[in-house]
Amino acid sequence: MGKYSVLVIDFETTGLSPDNGDRAIEIGAVLIQNNHISDRFQSLINPKMRVSSFIADYTGITNQMLKKAPPADEVMHRFVDFMADHHLVAHNASFDKRFLDSELKRIRASRKQEFACSMLISRRIYPDAPSHSLQSIIQYREIQTNGQFHRALADAEMTALLWINMINDLKATYGLSSVPFELLQKISRMSKSLVPKYLKRVVEERAG
DNA sequence: TGCCAGGCCCTCTTTAGGGCCTT
């Protein structure tokens with residue numbers, strides 16, 4: 001695994017909580033290598049339960065579409081191979097982490113690598129943005145979209161472009177030559193006011 | 001029938017409450 005490979009993932013689900021019985025209905029993932037998108041994964045997932053009209057309206061994914069979709073165990077086994085040991089990223093990662101771990105547990109698999117959250121990072125490096133929802137922050141940074149949101153691959157792709165954009169902005173603002181996953185993960189756990197000082201110190205330490 | 005998430009973050013804070021995010 002390269003130091004700079006990151007897998008951005010996104011789930012569409014039947015609801016907000018796997019602990020309350022909610023299931024994944026679509027998974028999308030985009031691989032970033034050397035700061036560019038290099039591979040993609042997408043599949044609908046048959047949750048073996050009906051989705052509410054709210055979810056059908058929100059995602060555009062209907063019960064009819066899901067009836068023909070492959071079951072979760074089949075999709076998740078394929079995804080485990082794709083996921084390999086890449087670092088993981090998601091927008092509001094605590095949500096996707098819960099569903100990933102829940103679906104992995106059902107196939108007796110587990111995740112070894114860590115997550116970073118693009119929303120927590122964007123709150124720190126774009127503190128003046130009016131909102132840090134994925135759609136808002138994409139518009140705020142004027143990132144090109146195809147207009148599709150709330151589908152797994154489209155949202156994973158938008159999150160990947162946001163991730164690349166944040167790295168490029170940090171390089172431009174602080175003169176950093178590289179911005180590895182671990183640095184962004186550390187920023188995401190840091191108090192907002194400490195981030196600029198910390199990044200300046202990183203630049204100084206790298207200069208030796 | 002009745003239940004209905006969870007983590008982060010700010011503030012009128014820590015003996016708490018509520019908005020933001022994700023579907």
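We name chains A, B, ... by the order of the sequence lines, and we start the count at 1 in each one.
- One atom, OH of A:Tyr140, and another, P of B:dC21, lie 13 Å apart when rounded to the nearest Å.
- Among the nucleotides B:dG6, B:dC10, B:dT23, the one closest to the side chain of A:Lys192 is B:dC10.
- Distance, A:Leu194 CG to B:dC9 P: 12 Å, rounded to whole Å.
- B:dT23 atom P lies 10 Å from atom CD of A:Gln135, rounded to whole Å.
- When distances are taken from the side chain of A:His91 to each of B:dC21, B:dC8, B:dT23, the shortest belongs to B:dC21.
- Among B:dC21, B:dT22, B:dA5, the nucleotide with an atom closest to any side-chain atom of A:Asn20 is B:dA5.
- Under the 30°/60° scheme for interplanar angles, the aromatic rings of A:Phe99 and A:Phe95 are found to be tilted.
- Under the 4.0 Å criterion applied to side-chain N and carboxylate O atoms, A:Lys112 and A:Asp85 are not assigned as salt-bridge partners.
- Put simply, CZ on A:Phe11 is 22 Å from P on B:dC21, counting in whole angstrom units.
- Residues A:Tyr58 and A:Arg98 both approach DNA chain B. Their nearest nucleotides, taken by heavy-atom distance, put A:Arg98 toward the 5′ side.
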Working for salt bridge (Lys or Arg N to Asp or Glu O under 4.0 Å), residues A:Arg151 and A:Asp10: CA-CA 8 Å; A:Arg151 285 298 298 267; A:Asp10 186 75; over 6 Å; no
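- With rounding to whole Å, A:Leu120 atom CG is found 10 Å from B:dC9 atom C1'.
- Between A:Ser131 and B:dC21 there is a side-chain polar atom (N or O) within less than 4.0 angstrom of OP1 or OP2.
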Test log, rule side-chain hydrogen bond (donor to acceptor under 3.5 Å, both in side chains), inputs A:Thr14 and A:Asp22: CA-CA 5 Å; A:Thr14 62; A:Asp22 285 319; 2.9 Å; yes
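- Annotation: B:dC3 and B:dG7 have their P atoms spaced 23 Å apart (nearest Å).
- Each of A:Ser17 and A:Ile25 was matched to the nucleotide of DNA chain B holding its nearest heavy atom; the match closer to the 5' end belongs to A:Ser17.
- Rounded to whole Å, atom C1' of B:dT23 lies 9 Å from atom CG of A:Asp10.
- Nearest to the side chain of A:Ile55, among B:dT23, B:dA5, B:dC9, sits B:dT23.
- Relative to the side chain of A:Asn92, the nucleotides B:dC10, B:dT23, B:dG6 differ in distance, and B:dG6 lies closest.
- Taking atom CZ on A:Arg151 and atom P on B:dT23, their separation rounds to 13 Å, with Å as the unit.
- Residue-level contact check: A:Thr14 touches neither bases nor backbone, having no heavy atom under 4.0 Å from any strand.
- Looking at every heavy atom in both residues, A:Arg98 comes nearest to A:Leu16 through NH2-O, 3.8 Å.
- Put simply, NE2 on A:His132 is 11 Å from C1' on B:dC20, counting in whole angstrom units.
- Across B:dG6, B:dC21, B:dT23, the shortest atom-to-atom separation from the side chain of A:Arg123 is found for B:dC21.
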